[in-house]
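Single-structure report; data block below.
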There are 2 protein chains.
Amino acid sequence: MNVHQPRQRLVTLADVAREAGVGESTVSRVLRKHGSFSKGTQDRVAEAVAQLGYVPNRLAGSLAGSATSAGSQLVGIVIPSLTNIVFPELLRGIAGGLDAVGFQSVIAVSDYDAEREEALIGALLSWRPAGLIVTGLEHTPGAVARLRASGVRIVEMIDTDGPGLDIVVGFSNRAVGRVSAGHLLGRGYRRIGFVGHDLDRDLRAGKRLAGFAEALAAAGHPLRDREILAGPSSAAAGREALGRLLARRPDLDAVYFSNDDMALGGYFHCLEAGLSIPGGIALFGYNGLDITAAMPQPLSTVRTPRLRIGEVAAERLGAGGPSETVDLGFELIEGATA
Amino acid sequence: MNVHQPRQRLVTLADVAREAGVGESTVSRVLRKHGSFSKGTQDRVAEAVAQLGYVPNRLAGSLAGSATSAGSQLVGIVIPSLTNIVFPELLRGIAGGLDAVGFQSVIAVSDYDAEREEALIGALLSWRPAGLIVTGLEHTPGAVARLRASGVRIVEMIDTDGPGLDIVVGFSNRAVGRVSAGHLLGRGYRRIGFVGHDLDRDLRAGKRLAGFAEALAAAGHPLRDREILAGPSSAAAGREALGRLLARRPDLDAVYFSNDDMALGGYFHCLEAGLSIPGGIALFGYNGLDITAAMPQPLSTVRTPRLRIGEVAAERLGAGGPSETVDLGFELIEGATA
DNA sequence: ACAGCATTTGGCAGCGCTGCCAATCTGGTT
DNA sequence: AACCAGATTGGCAGCGCTGCCAAATGCTGT
């Protein structure tokens, strides 16, 4: 089946109209519950639709509507990664918010590559989406130009540390870094290190580190050392990086991780090396992944409102308000590791 | 900005044609690198496009092409969840395979609900996608009817235990269960239990358990007990469930988990309860998540070719071959916990 | 210089649907 | 019985693009 057939002609609205013995525009109105029509007509149309197995063609619908109404019912989404569980959670939030209004999402993954993001934005705009949701505030000039010229609602997610193009939904990554530093300092840690991943590409992680280091320096206990592995974050990377860092600086009393995956890896390293936590070494993460709450010692971390960010992003896309920044904040989880 | 404006008229292909001083069809040919045109024309068109900031309207393009060519360059995807990291990985594979051919994916999440899946399939088909990728082999009769009537290529992912509609890409979940049981039996475990999640909804997990229990029974060492928590899989659920199971049946010498998340939770339970692994109790998971390899004792589990499944699914969607089932197999990871 | 062929180009009819407008119908009024 | 507002309906011109076809152009050999 399905082998190079010239694609059978599918049932069209005109077929339904003929079958139901009414005009095309009437069918269109009934199907969209828009305008007025009698109960009898509605029933006859419904029957014809069922009879013929009609599936509306939204390409045609959106194209026709594009002159006057809101364009297609698609929303374009660009995220940097699918590997980091954070992004699927954002997507889940968006999907939830979106299908409340019958929109659907076209998703593209940039792999933390700004050039690629620009290309993807172009590709998504070619579907004349009702709006676009992108990640972060940093984009190539070309991408910004396209977004501006598109005339559609733009939502930038996750980061509020800087000016946005239209709607911004997230929290301050810099503040997360500062608060995390404050917590460690407050607990009396003084010889603090950092374990991270690819900061050149994950710009938010870079901002957190900047805020973190800044707060430490301001308190007079500057960051002692850092171990940064190229490549995406992972438990394996965190484990290896913490091993290296502690081999070099066994005197550290606390380590800040670029995220929970890395921190979990660090935790595994400590288990294996027989280091006591937080007495021997304190660990502090970022994200508040569910898994960290199930650890024998819950991870000390910062929980971010990922799902909510997605929901709000979706919601604002539909709404017609003015441009604005929505800061959803974050929550420090004390945990037992720092 | 962007407040209820009646959507400015965007640049169209006709505008480009006028600017470049050529006909519309010429612009169309140049842009799609289809048919023949001179270098000079190409340059003039390219310049006009850049000049005007033209973004093609794929809604119109797909609609126009739909009469003769393959329909839109969209691919619809239905997955049951975004929470379980497995599905984002599938998506990543699909995205990779798809953008090699310039297709884009519209993603819908069914929440393991068959009725919802049916509705989503309808919604996706209304975009006249080039193909549809769905999860698993079990669908409502209505969903099957729609898929059949759509006339597009259908790929069913992950599970090969049963007949498919068109292309099936995955592995045998039942076989995973059997092989896992074989491994435990081979290692001498005899008093075996199971910890799982929501099997009524996650049908693949149910099939694995069926295969597992069947193999145990065949060997004369039937499954001793099971603890199944409602709701999705998670480390927290695995931890709690293992606690309950062992409280009830402290004599168990091995436990099979519905997946690695659950197993990791079980591992945490053991750490906390001071149970030695695998001497006191052996743990066996499913999925081969990266994180389990970073554990102090790597988890014994079965690694599934998730990324590859996605890639192959995408690849087959484009290809025009006959219907078939592609079994990509799986790999048993010995690990250190069983 | 001219036929013969390949290459390049433009015109235009749809693709299936929606929005606008005019036509028809309904029921109640005067 | 004539009249009117409101409800219901159908016709049809696009939405922006692609595929088909015919026309124009460029080259070659004779």
Side-chain angles (χ1 to χ4, degrees), chain A residues 6-45 48-49 52 54-73 125-129 151, chain B residues 6-45 48-49 52 54-74 125-130 151:
Chain A
R7 176 176 280 245
Q8 51 197 296
R9 215 183 68 78
L10 297 172
V11 181
T12 70
L13 186 143
D15 298 325
V16 176
R18 204 173 312 117
E19 175 77 17
V22 300
E24 295 186 29
S25 37
T26 301
V27 176
S28 175
R29 272 188 301 258
V30 171
L31 258 28
R32 285 175 301 135
K33 307 191 201 316
H34 179 277
S36 58
F37 45 82
S38 68
K39 183 67 172 63
T41 304
Q42 179 173 28
D43 293 344
R44 262 177 305 142
V45 169
V49 165
L52 300 174
Y54 172 67
V55 177
N57 183 335
R58 292 227 231 179
L59 293 175
S62 300
L63 179 61
S66 67
T68 39
S69 14
S72 81
Q73 311 215 69
L125 284 175
S126 72
W127 293 108
R128 294 295 184 268
Chain B
R7 176 175 280 247
Q8 51 195 296
R9 215 184 69 77
L10 296 172
V11 180
T12 71
L13 186 144
D15 298 325
V16 175
R18 203 173 312 116
E19 174 77 18
V22 300
E24 295 185 29
S25 37
T26 301
V27 176
S28 174
R29 271 188 302 258
V30 171
L31 258 29
R32 285 174 302 136
K33 307 191 200 318
H34 181 279
S36 57
F37 44 83
S38 67
K39 183 68 171 63
T41 305
Q42 179 173 27
D43 293 342
R44 261 176 308 141
V45 169
V49 166
L52 301 175
Y54 172 66
V55 176
N57 184 336
R58 292 227 230 180
L59 293 176
S62 299
L63 180 61
S66 67
T68 40
S69 15
S72 80
Q73 313 217 68
L74 289 174
L125 284 174
S126 72
W127 292 108
R128 294 294 184 270

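Residue numbers begin at 1 in each chain, while the letters A, B, ... track the order of the sequences. Please read all numbers here as calculations on a predicted model, not as lab measurements.
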Atom [atom1] of [X] to atom [atom2] of [N]: distance rounded to whole Å?
X: B:Lys39; N: D:dT25; atom1: NZ; atom2: P; result: 22 Å
X: B:His34; N: C:dT7; atom1: NE2; atom2: P; result: 15 Å
X: A:Leu13; N: C:dC15; atom1: CG; atom2: P; result: 14 Å
X: A:Trp127; N: D:dC17; atom1: CH2; atom2: C1'; result: 12 Å

Does the side chain of [X] get closer than 4.0 angstrom to OP1 or OP2 of [N] through an N or O atom?
X: A:Ser28; N: C:dT18; value: yes
X: B:Ser66; N: D:dT18; value: no
X: B:Thr41; N: C:dT9; value: yes
X: B:Thr26; N: C:dG10; value: yes
X: B:Arg29; N: D:dG19; value: no

field: Nearest listed nucleotide, side chain of B:Tyr54, among D:dC17, D:dC15, C:dT9
entry: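 In terms of side-chain proximity for B:Tyr54, the closest of D:dC17, D:dC15, C:dT9 is D:dC17.
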query: To the nearest 0.5 Å, what is the distance between CZ (A:Arg128) and CZ (B:Arg58)?
result: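 One finds 11.0 Å between CZ of A:Arg128 and CZ of B:Arg58.
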- request: Have a look at A:Ser36 and say if it touches a base, only the backbone sugar-phosphate, or nothing, with a 4.0 Å heavy-atom cut-off.
  value: base
task: Just call it for B:Ser25: base, sugar-phosphate, or nothing, with non-hydrogen atoms closer than 4.0 Å on any strand.
output: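 It contacts base atoms.
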task: Could I get the full list of side-chain hydrogen bond (donor to acceptor under 3.5 Å, both in side chains) partners for B:Ser25, not counting sequence neighbours?
output: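 Listed in chain order: nothing, the list is empty.
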field: Nucleic acid contacts - residues 57-64 of chain B versus DNA chain C, non-hydrogen atoms under 4.0 Å
entry: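 When residues 57-64 of chain B is checked for heavy atoms under 4.0 Å from DNA chain C, the hits, listed by number, are B:Leu63, B:Ala64.
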task: Going by the side chain to side chain contact (heavy atoms under 4.5 Å, CB included) test, name the single residue among B:Thr26, B:Leu31, B:Val49 that passes it with B:Val16.
output: B:Val49
- prompt: Taking C-beta and beyond as the side chain, do A:Asn57 and A:Thr12 meet within less than 4.5 Å on heavy atoms?
  reply: no
- prompt: Do A:Ser62 and A:Trp127 come within less than 4.5 Å of each other through their side chains, counting heavy atoms only?
  reply: no
